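Excluded from the calculations below are hydrogen atoms, water molecules and symmetry mates; all remaining heavy atoms, backbone and side chain alike, are included. Chain letters run A, B, ... following the sequence lines, proteins first and then strands; every chain starts at 1. From a predicted model like this one, the values you see are computed outputs, not experimental measurements.
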Amino acid sequence: MLDLLTLDLKGAFRQEGCPLCHLRTKTEEHYIYSVLYEYVTDGGVRERFVNSLGYCRKHAWQKWLIEYEHWHDGLGTATMYESVLQQNLDGLETFMQMTRQESVRQHSRSRAALAWLRALLGRALSQVAVLSARAPARLPFGLVGRTRCRVCEQGEQTDRSFIRTFAEKLEWAQFRDWYRESEGLCMPHLNQVLSASDPEWRDFLVQVAVEKLAANAIALREALHRHESPLRAEPSGERERQGRRRAVAQLFGNPARTW
Amino acid sequence: MVTVPTLDNVAVAAGNNPGPLSLEELARGACPVCLLASEYVKGCIRVLVQEPATSGLLREQLARAQGICARHSWQVSREEDSLESSTVADTIFLELTERALANLESGVHLANDSPLYRGRGPRRIWEEFRNWFSHPNDMQERNANAQGVCPLCELEQEAEGRHLRTLVERMKDQRFREQYAESRGLCLPHLRSALNYAPDIETRLFLATTAREHVISLLYQIQEYARKHNWNNRNEAKLTEEQESPFRAIAFEVGERT
């Protein structure tokens, strides 16, 4: 039976790439658009935005693109990020205060030896530390966020809903036909749907995935043979690009617009 | 061969000759670490796609990790799109497709066993444990596969670490400090790392103080940007720095759009 989520899935099957990636991106973009359209000055939305110090990298740049596409402007971004910058300033001031206090403690005679040892150890550690994964233990709010990116949370919630619906609708023959005509799920989503679906439909999902992967492998092999053939001098065609796009989309998922 | 810029070169060039490679020039409107790390990875991808003979180690790493992350896969694919005669990306993606196909056709349950699956859970841990002992000769390779770390992400992180270490070490040099203070400084993610890396309190305080100045300046510009959007202030001149401030606010919070 058709419900709203199934209708969305049916529409997504007609799009390029993984239908679940498509729906997730669509939901995320719709959320960002809604915030920019009517929630820029909303207290709750702003509080959440400041607590996570804006959005994650991917969604922050996505927000920028959406605002420029729709309004040719950055006023929503400016208004919302003003509060975040204010919080950064508070965080930096707290950090400086903490560091000065630490400096005073380190200069006291009774702790001089300990401080020397700590500095020595700190220098040694700094040589081996892996930067990106490590955050300083005592950075105040404003330099680090308190919560996760809200758009990522929305995206995950959407993923869960559609994966559940997808798994439930597999028993419907018409739904399976629609899915077979699509470009198929990407591997990360296929794994999630396989985990959520009844064992009796897993063979069907794997069979469709095998068909799509085999078609992609043929397209890639054709492209490679073409380069080895006398026609090599000809520029690579749209067909080859499409073949590569489908292969990457099935292996890793659809691309974000900001990549 | 693609020349990969390093902060060392930048700092040396800046010290002797403030030419086009100075930190100030290079970091115009951008976090220098974001810029350099991104250029490094782009350079690696260019080498990988354009000069496959020189990128043997990288291809070997890619094969061992059984793939790259989605972001870098698309970057590799686009790089190949821009070239008309390269087949490296097609070869890599064909190999990965065939591997995924073989796993599915052999009836291996993807949710547990696929190297493309990056999930966690008791069953996965059990499978890894079981595989470990069933193929003792492949232990090292299996370990690398289980981690599933994108080699290009690793290269990016290494480059970031290298540039940040250099930056923090150079902070002892007064001229370098002055140049750093004049530039737009680091983005917040790299500032956090630099604060973690700074060997002493003085360097931490310097980094925090300069960042505070940058944020104050950015905050003022962003407030002016919003104020000048008001109809009553429509005739006031809109400065370029103010017009760019929303973009730079995002770049400061999450890193440059690279």
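Between L75(A) and A226(B), the shortest heavy-atom distance links the atoms CD1-CA, 3.8 Å. Of all heavy-atom pairs spanning A223(A) and D90(B), the tightest one is CB-OD2, 3.7 Å. Residues I201(B) and E102(A) approach most closely at CD1-C, 3.9 Å, considering heavy atoms. Here the shortest heavy-atom pairing between V254(B) and W61(A) reads CG2-NE1, 3.7 Å. Contact between V210(A) and L101(B) at its shortest, heavy atoms only, is O-CD1, 3.4 Å. Of all heavy-atom pairs between A217(A) and L94(B), the closest is O-CD1, 3.5 Å.
A 6.0 Å sphere centred on OH of Y220(B) holds no more than 12 heavy atoms belonging to other residues, nucleotides or ligands. The number of heavy atoms from other shown groups lying within 6.0 Å of NZ (K238(B)) is above 12.
Between the CD atom of E93(A) and the CZ atom of R212(B) there is a distance of 4.5 Å, given to the nearest 0.5 Å. Atom CZ of residue R248(B) and atom CG of residue L85(A) lie 10.0 Å apart, to the nearest 0.5 angstrom. Atom CG in N216(A) sits 11.5 Å away from atom CZ in F93(B) (nearest 0.5 Å). For the atom pair CG (L220(A)) and CD (E95(B)), the distance works out to 12.0 Å, reported to the nearest 0.5 Å. Rounding to the nearest 0.5 Å places OG1 of T77(A) at 8.0 Å from CD1 of I222(B). The OG1 atom of T97(B) sits 14.5 Å away from atom NZ of K212(A), with the distance rounded to the nearest 0.5 Å.
L191(B) touches chain A through its side chain: at least one heavy atom from C-beta onward sits under 4.5 Å away, while N, CA, C and O do not. At a 4.5 Å heavy-atom cutoff, the contact between A249(A) and chain B is made by backbone and side-chain atoms alike. In this structure, chain A has no heavy atom under 4.5 Å from any part of S245(B). For a residue to count as touching a neighbouring chain, one of its non-hydrogen atoms must lie under 4.5 Å from one of that chain's; by this rule E98(B) touches chain A with the side chain only. Proximity to chain A is limited to the side chain of L188(B), based on heavy atoms less than 4.5 angstrom apart. Using a 4.5 Å cut-off between heavy atoms, C56(A) touches chain B through its backbone atoms (N, CA, C, O) alone. For a residue to count as touching a neighbouring chain, one of its non-hydrogen atoms must lie under 4.5 Å from one of that chain's; by this rule D203(A) does not touch chain B.
A 4.5 Å side-chain heavy-atom check between P246(B) and W64(A) finds at least one atom pair inside the cut-off. Side-chain contact check for Q250(A) versus L96(B): every heavy-atom pair is 4.5 Å or farther apart. Side-chain atoms of L195(B) and F95(A), non-hydrogen and from C-beta on, do get closer than 4.5 Å to each other. Counting heavy atoms from C-beta on, the side chains of L65(A) and R257(B) come closer than 4.5 Å.
When each of A78(A), C186(A), G76(A) is scored by its heavy-atom pairs under 4.5 Å with chain B, the top score falls to A78(A). When each of R78(B), E158(B), H190(B), Q221(B) is scored by its heavy-atom pairs under 4.5 Å with chain A, the top score falls to R78(B). Across E82(A), R100(A), E67(A), Q207(A), the residue that shares the most heavy-atom pairs under 4.5 angstrom with chain B is E82(A). Comparing V168(B), V76(B), V215(B) by how many heavy-atom pairs each has under 4.5 Å with chain A, the most go to V215(B). The choice from Q223(B), E202(B), Q75(B) that makes the most heavy-atom pairs within less than 4.5 Å of chain A is Q223(B).
In this structure, R57(A) does not pair ionically with E253(B), as no charged nitrogen and carboxylate oxygen lie closer than 4.0 Å.
A distance-only check finds no donor-acceptor pair linking the side chain of W74(B) to the backbone of F252(A) [under 3.5 Å]. Listed for the Y225(B) side chain is a donor-acceptor partner under 3.5 Å among the backbone atoms of G74(A).
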Check: Step by step, would you call L218(B) with Y81(A) a side-chain contact (heavy atoms from CB on, under 4.5 Å)?
Finding: CA-CA 10 Å; L218(B) 192 51; Y81(A) 273 96; over 6 Å; no
Item checked: From CA spacing to verdict: side-chain contact (heavy atoms from CB on, under 4.5 Å), E105(B), V206(A) -> CA-CA 8 Å; E105(B) 280 177 333; V206(A) 170; over 6 Å; no
Margin query: Could you go through M187(A) and N103(B), starting from their C-alpha distance and side-chain angles, then the distance that decides it, and tell me whether this counts as side-chain contact (heavy atoms from CB on, under 4.5 Å)?
Written below: CA-CA 12 Å; M187(A) 288 298 167; N103(B) 279 345; over 6 Å; no
